[in-house]
Structures are given as C-alpha cells and as structure tokens.
Amino acid sequence: MRTIPVAEPFLGSEESANVLAAIQAGAISGYAGPYVGQFEEGFASYCGCSHGIAVSSGTTALHLALAALGITAGDEILVSTLTNMATFFAVLYLAATPIPIHIEPDTLNLDPRLLEARITPRTRAILVVHLFGHPVDMEPVLAIAAKHGLKVIEDCAEAHGAEYKGQRVGSIGTIGCFSFYANKIITTGEGGMCTTNDAALAERMRSLRSLAFGSDNKFMHREVGFSYRMTNLQAAIGCAQLEKLDYLVERKRAIAAAYHRHLAGSPDLLLPVEKSYAHNVYWMYHLVLTGRAADRRPAIMAALGREGIETRETFIPFNLQEHLPGGSGSDKGDCPRANRVAYRGFYLPSGPLLTEDEISHVATTLLRVIAAA
Ligand SMILES: *Cc1c(COP(=O)(O)O)cnc(C)c1O
C-alpha cells in the first residue's frame, strides 16, 4: 500500500489544457487573458455573491479585506483563537489588535456567546473562521455585529461550498476570504479570493489589489496599494477546478461518512460534528483524542506514520503562540478547551483520491494503535 497522504490535489487534463492555452496565448499575468475574470465570476456566483476579487493567497485575501474595510492601527478585531495563524497575521499586518475568542467544544469554531464580553469602544470587526469546513453559527454573530456596528469577515479558506442554514459561506458576512492553496478543497497552487455583495468594497479591493493605480494617469496612485494579483495561469487552473467543486465537496462528505462508520462509538475519540444549521464540507477529518488516548497523541501519530499513514496536528491557538505580538501570556488561561484541543487533536488523510480500502485501513489501524497501549 502507498503512503497515504493527508491531502493531495485533484488535477486532470482540463487543468493542463487551460494552462497550456494560457501559455500559448502568452497570457500569463494577472492582467492578461480571460481566466481571471472568468474564475472570479464563476466562483463568486457559486458562493452567492455578485463580486469576486482573485488574489495571490488566502492570507493576502484576508489582508486585502481588512485593509479595504479601513482597519488600522489600534483597532480591535475579534478572532477565533483556533485557526491557521494567517488569520491573525492579516490583523497584525495592519498593526491592529487581534482579540482571541474561545471555541465551542464540538464545532471548534468561535463561541458566539463569548463575543459580547470582549467588545470595547475600539472593536471594529469580527473575523470568523469556518474551521475544517464546519460553518460558524452565524445568526448570533450577525446580531451582535449589528447591535455594535461591527463588520463581519469570514475566513472561508477551509470551507468552499459549506452552508449555514442553506446559505453558502462567503456570502453571509461583509466579505468572505478563500484560499486555493494546494491542500484546500479546490486549488490554484497558490491563490485566494475575496467575495462580497458590496459593490463599493469590491471596487476598493480591486484597486488595492493592484497597487491602487490611477484612472486618468495610471501612475498617479490613489493610495498605498498592494501587488496581490492572481496570475492568469493560476486562474486557468481555477476555472477547471471550479467545474469539479461540487464533486469534491461530495467526496469530502463521503470520506467523512466512511470514517464515521468505522470510528463512531469509540470512547477515545471526539469526531467532527454537523450541527442542524450546517452543511459541513469536512475539509480535513479532524479528531480529538479523549479518554485513555487523551495524552498519547505523539505516540499515536508516530505509530500511524510507521504504518504509512500521514497525519497532521491541530493548529496551535493564538493565545498559546510564544513568538507573536500579543500571543502568549496575556490570555493563555482564557481558552482551556482550545488549549486542550491543540495538544490532543490531529487530522487523518482526507484527500479526494482516498479509496474505501484506504479509509478502512486508516480507521482500523487507528483503533488498533489506541487499544495497544
Ligand atoms: C490556509 C488557510 C489560510 C491561508 O491561506 P494561504 O493561501 O495559505 O495564504 C488562512 N486561514 C485558514 C483558516 C486557512 O486554513
């Protein structure tokens, strides 16, 4: 049996043909060729949004979104503590202050009930993360945002196609931010997109993405901009991937259902959930060890590795980061659940090419390894 990777891209002849066409036409930058516009329109419309702004990564999408909203030094942004640190970096790039918010025990998303206590006169926005493909409980988040006049940004990097009460993520807050890194649900190698229904914000993001070039004289810049364009080559891949998105979401859900059949009932594992409001796209099949397995993650991951099964640890939450400004110390004790998950959680192979046999092999090996101690 092959080494089973945690993730792998799903690429075919459609991607090759598009990339070749872009190269043969000499249309490779973010300005040349038809693919960037086509990918923006197609992906935004998939999300239920009227505007898509393609960029160079998920991280630059987050930075662009916050910058376009006018977030600046000293502003406070409420952010789920358990996430890829790119979410926090985007806030830190603007010298704004991220306030880590503790998580719900089952979805591992930020707990909306904890938001209001952290609001101060300097709070400007709530940055939610739909972690591992499960949407955040958005209704209470939107209600608190409306009550206090806050913007809502969605980090959808792990949640392409996920739905909250039938509405696709990326269209629920003010701006949605996606990543198309190689291990995300669809990929352009590196890449990202901002989605919004706000025409003025879309225009501002388009301008800031491209050095804020002037309109009459291109080189009379409107403000300090970024060079965050997606290339036509990346978008060529994206257009082909977009056609496969529904299939890939179905695959992720089928993989999760198969793991669930094998693992449900184990007293040593907390499995991913799907709340009644949620359509979970299970970006990665993430588990938390509990019971007699709770403190044995290193040994369990190593044993799986010896059997050719790749796994990956949970993110380390912001409040435990030791080298980031505002990270460790101040709020270390504030997020005990997130702290526990950080050292007890990991994810199993979740790539779209997994076979039924491989899923069964991974699950039975995991249960055997846990029982062996
Ligand atoms: C991957 C990811 C990002 C960053 O995206 P890049 O394309 O790697 O810059 C941001 N937030 C979350 C939650 C992610 O999973």
Side-chain angles (χ1 to χ4, degrees), residues 6-9 30 39 43 47 52-67 77-94 98 100-101 103-104 107-110 125-136 138 152-162 169-170 172-173 175-195 209 226-231 233-235 237-238 241 248 252 272 280-286 312-318 321 324 338 341-342 345-347 350-351:
V6 285
E8 57 199 319
F39 185 42
F43 189 76
C47 298
I53 297 90
V55 292
S56 52
S57 74
T59 308
T60 56
L62 288 160
H63 186 199
L64 186 68
L66 293 170
I77 314 296
L78 309 180
V79 192
S80 176
T81 192
L82 189 64
T83 179
N84 181 317
M85 278 307 114
T87 320
F88 279 85
F89 290 171
V91 177
L92 294 169
Y93 294 157
L94 293 158
I101 303 295
I103 59 169
E104 298 176 329
T107 66
L108 312 184
N109 284 328
L110 68 72
I126 304 169
L127 177 40
V128 303
V129 183
H130 307 297
L131 199 72
F132 300 124
H134 192 291
V136 170
M138 291 302 288
V152 176
I153 302 110
E154 298 174 74
D155 183 338
C156 310
E158 304 176 359
H160 315 60
V169 301
I172 303 167
I175 302 176
C177 301
F178 290 85
S179 165
F180 304 115
Y181 178 65
N183 70 2
K184 302 299 159 97
I185 294 178
I186 60 169
T187 184
T188 59
E190 305 280 353
M193 199 180 299
C194 296
T195 53
R209 166 182 69 174
F226 311 113
S227 187
Y228 282 173
R229 290 177 303 277
M230 174 181 278
T231 68
L233 287 173
Q234 291 166 300
I237 299 173
Q241 289 274 290
L248 287 167
K252 291 285 190 187
N280 188 347
V281 292
Y282 300 96
W283 170 56
M284 294 291 174
Y285 195 80
H286 178 271
R312 187 89 73 245
E313 299 91 342
T314 310
F315 301 118
I316 296 179
F318 179 73
Q321 294 290 332
L324 305 182
V341 169
F346 66 102
Y347 54 78
S350 305

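Every number for a ligand or one of its atoms is a count from 1 in the order of the listing.
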Considering the heavy atoms of [X], write down every atom of ligand 1 situated less than 4.0 Å from one of them.
{"X": "T83", "answer": "13 (C)"}
{"X": "G58", "answer": "5 (O), 6 (P), 7 (O), 9 (O)"}
{"X": "T87", "answer": "11 (N)"}
{"X": "S57", "answer": "7 (O), 9 (O)"}

Out of G189, A182, S179, whose heavy atom sits nearest atom 8 (O) of ligand 1?
S179
Select the closest option to atom 3 (C) of ligand 1 among K184, M85, H63, judged by heavy-atom distance.
K184
Just need the protein heavy atom nearest to atom 4 (C) of ligand 1, so name the residue and atom and give the distance.
T59 OG1, 3.6 Å
For atom 15 (O) of ligand 1, find the nearest protein heavy atom and state the residue, atom name and distance (0.1 Å precision).
E158 OE2, 2.6 Å
Tell me, yes or no, whether the heavy-atom count around F346 atom CZ, taken from other residues, nucleotides or ligands under 6.0 Å, exceeds 12.
yes
If you measure every N or O of W283 against every N or O of ligand 1, does any of those distances drop under 3.5 Å?
no
Within less than 4.0 angstrom of ligand 1, does H130 place any heavy atom?
no
As a quick check of understanding, evaluate ring-ring contact (aromatic ring centres under 6.0 Å, His included) for F43 and F180, giving each step before the final call.
CA-CA 11 Å; F43 189 76; F180 304 115; 5.2 Å; yes
